[in-house]
Every structure is written in C-alpha cells, then in structure tokens.
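Structure first, then comments.
We number each residue from 1, following the sequence as shown. Both counts, for ligands and for their atoms, begin at 1 and track the order of listing.
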Amino acid sequence: MNLVLFGPPGAGKGTQSKILTEKRGLPQLSTGDMLRAAIEAGTPLGLACKALMAKGELVPDETVIGIIADRYDQPDCKNGAVFDGFPRTIPQAEALDKMLERRRRQIDMVIELKVDDAALLARVEARIKAGGVLRSDDTPETLTHRLGVYYKNTAPLIGYYQGQGKLKTIDGMAGIEAVTSQIASLLDAI
Ligand code: AMP
C-alpha cells in the first residue's frame with residue numbers, strides 16, 4: 001500500500017507515519033528527514049538546501065523527486081510506503097504518480113490531517129516554553145512563513161487528489177491516539 005499523509009507543517013504527519021511504520025511495516029519516506037540527514041552529512045545536496053530549509057522555503061522539485069525515487073527503490077519499500085511531507089507541489093504529485101506508474105504501482109490513499117493554524121502556533125510556543133530540543137525551523141516566525149508556503153503551493157494538492165477520488169480528510173486536532181485510530185479505520189476499509 002502506498003499512502004500519502006498530507007497536512008500543514010506541525011499537523012502530526014511525522015508522528016503518525018512512525019506509528020504506521022511500527023504497526024503496518026510501511027517505511028516512512030520523509031523528504032524533510034532525508035534533507036536534514038543530507039545537511040548533517042554535509043553532502044552537496046544538503047549544503048544546497050540548508051538556507052532554503054532554514055527560511056521555511058521549499059527546495060526545488062527536482063531535488064526531492066530525485067531523492068524520493070532513489071529511496072523508493074530500496075527493498076524495504078517492496079510492499080509500499082508512507083509518504084510524509086511529499087508531495088508538496090502539483091509537479092511533485094505528478095512526478096510521484098509517474099514514478100509509481102512506471103513501477104506498476106499507485107497511490108492508494110491520501111489522508112489529510114485537518115488542523116487549526118492558531119493551534120499549530122500555540123504548539124510551537126509550548127515547545128519553546130518547555131525548552132525541548134527544537135529544529136532550527138521550529139519557531140513561530142518560520143512556522144507562519146511555512147504555513148503561507150503550504151497554502152500557496154501545497155494546498156492545491158487537495159483538489160488534485162480529490163479529482164482522483166483518493167482524498168480522505170480526518171480531524172488532526174484530536175489526540176495522537178484518536179488520530180491513529182481514525183487512520184486505522186480508513187486503512188482497514190480498503
Ligand atoms: P518537513 O520536515 O517535512 O517539515 O520539511 C522541512 C523542510 O524541508 C521544508 O520546510 C522544506 O524546506 C524542505 N522540504 C521537505 N520536503 C519537501 C518537499 N517535498 N518539497 C520541497 N521542500 C521540501
């Protein structure tokens with residue numbers, strides 16, 4: 001099964017992807033994690049993306065399309081994967097469809113985690129107050145910018161996947177376990 005978890009930054013896609021990996025053995029393909037690993041390793045790709053990511057801008061489509069295709073061809077994706085934070089633009093979604101088609105596969109479902117912007121900002125503020133380890137882009141200012149980028153570039157994918165009849169929307173504001181069980185009900189109904 002190939003699944004896209006969709007929603008604004010901070011909606012909980014990463015948390016739910018990890019749970020899906022644990023419970024259903026579907027690897028989490030997070031372009032954000034892959035890019036952060038490239039920055040950490042100091043690769044040319046990482047260096048090229050570092051400033052854009054720190055500002056909350058998207059990195060170029062070709063960059064993420066390339067890393068996703070390489071990752072998807074690893075043996076652990078033979079039964080599918082959970083795409084987390086990818087696609088984020090219409091060209092990325094089209095490239096993903098083509099990539100899967102070439103491998104005689106397809107996206108089976110897109111699950112949108114619907115959340116409230118004000119609550120997302122409140123969560124960042126709470127993380128800062130709690131003094132935990134924060135990502136360099138985990139600030140109210142960058143989140144506000146990332147939300148703007150999301151509505152401009154990524155939200156149009158809702159129409160794209162609705163048109164394919166694949167979009168399911170759930171309440172991402174519920175607690176982690178409640179969101180997990182909403183996702184489980186959708187997947188069990190396939
Ligand atoms: P994330 O961890 O998914 O929130 O991603 C962190 C940052 O990585 C984003 O703000 C972008 O700068 C970059 N990024 C991750 N995934 C993508 C993508 N699919 N397209 C473009 N940029 C991305």
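With a 4.5 Å cut-off on side-chain heavy atoms, Leu5 and Phe83 do not count as touching. Two residues are said to be in side-chain contact when any heavy atoms from C-beta on lie closer than 4.5 Å; Glu94 and Tyr160 meet this criterion. The closest side-chain heavy-atom distance from Val124 to Asp138 is below 4.5 Å. For the pair Leu3/Asp108, no side-chain contact is recorded, criterion being any heavy-atom separation below 4.5 Å from C-beta on.
Ranking protein heavy atoms by distance to atom 16 (N) of ligand 1, first place goes to Thr31 OG1, 2.7 Å. In terms of protein heavy-atom proximity, atom 7 (C) of ligand 1 is closest to Met53 CE, 3.8 Å. Considering only non-hydrogen protein atoms, atom 22 (N) of ligand 1 sits nearest to Val59 N, 3.1 Å. Among protein heavy atoms, the minimum distance from atom 14 (N) of ligand 1 is reached at Leu35 CD1, 3.6 Å. Among all protein heavy atoms, the one lying closest to atom 15 (C) of ligand 1 is Arg88 NH1, 3.3 Å. The protein heavy atom nearest to atom 10 (O) of ligand 1 is Arg146 NH1, 2.9 Å. Nearest protein heavy-atom neighbour of atom 12 (O) of ligand 1: Glu57 O, 2.5 Å. Gln92 NE2, 2.9 Å is the protein heavy atom nearest to atom 20 (N) of ligand 1.
Of the heavy atoms in Val64, only side-chain atoms (C-beta onward) come closer than 4.0 Å to ligand 1.
Scanning all heavy atoms of the two residues, the minimum distance from Tyr150 to Pro9 falls at CB-CD, 4.1 Å.
Follow the hydrophobic side-chain contacts under 4.5 Å out from Val179 and you never reach Met173; the two are in separate clusters.
By the 4.0 Å heavy-atom criterion, Lys13 is excluded from the residues contacting ligand 1.
Checked for salt-bridge contact, Asp76 and Arg71 meet the test: a charged N lies under 4.0 Å from a carboxylate O. Using a 4.0 Å cut-off between charged side-chain N and carboxylate O, Asp137 and Arg146 make a salt bridge. The pair Glu112-Lys114 meets the salt-bridge criterion, since a charged nitrogen lies less than 4.0 angstrom from a carboxylate oxygen.
Taking every non-hydrogen atom of Leu58 and a distance limit under 4.0 Å, the qualifying atoms of ligand 1 come out as 21 (C), 22 (N). Each of the atoms 16 (N), 17 (C), 18 (C), 19 (N) of ligand 1 lies under 4.0 Å from some heavy atom of Gly85.
Where the criterion is an N or O separation shorter than 3.5 Å, residue side chain and backbone included, Arg36 meets it with respect to ligand 1.
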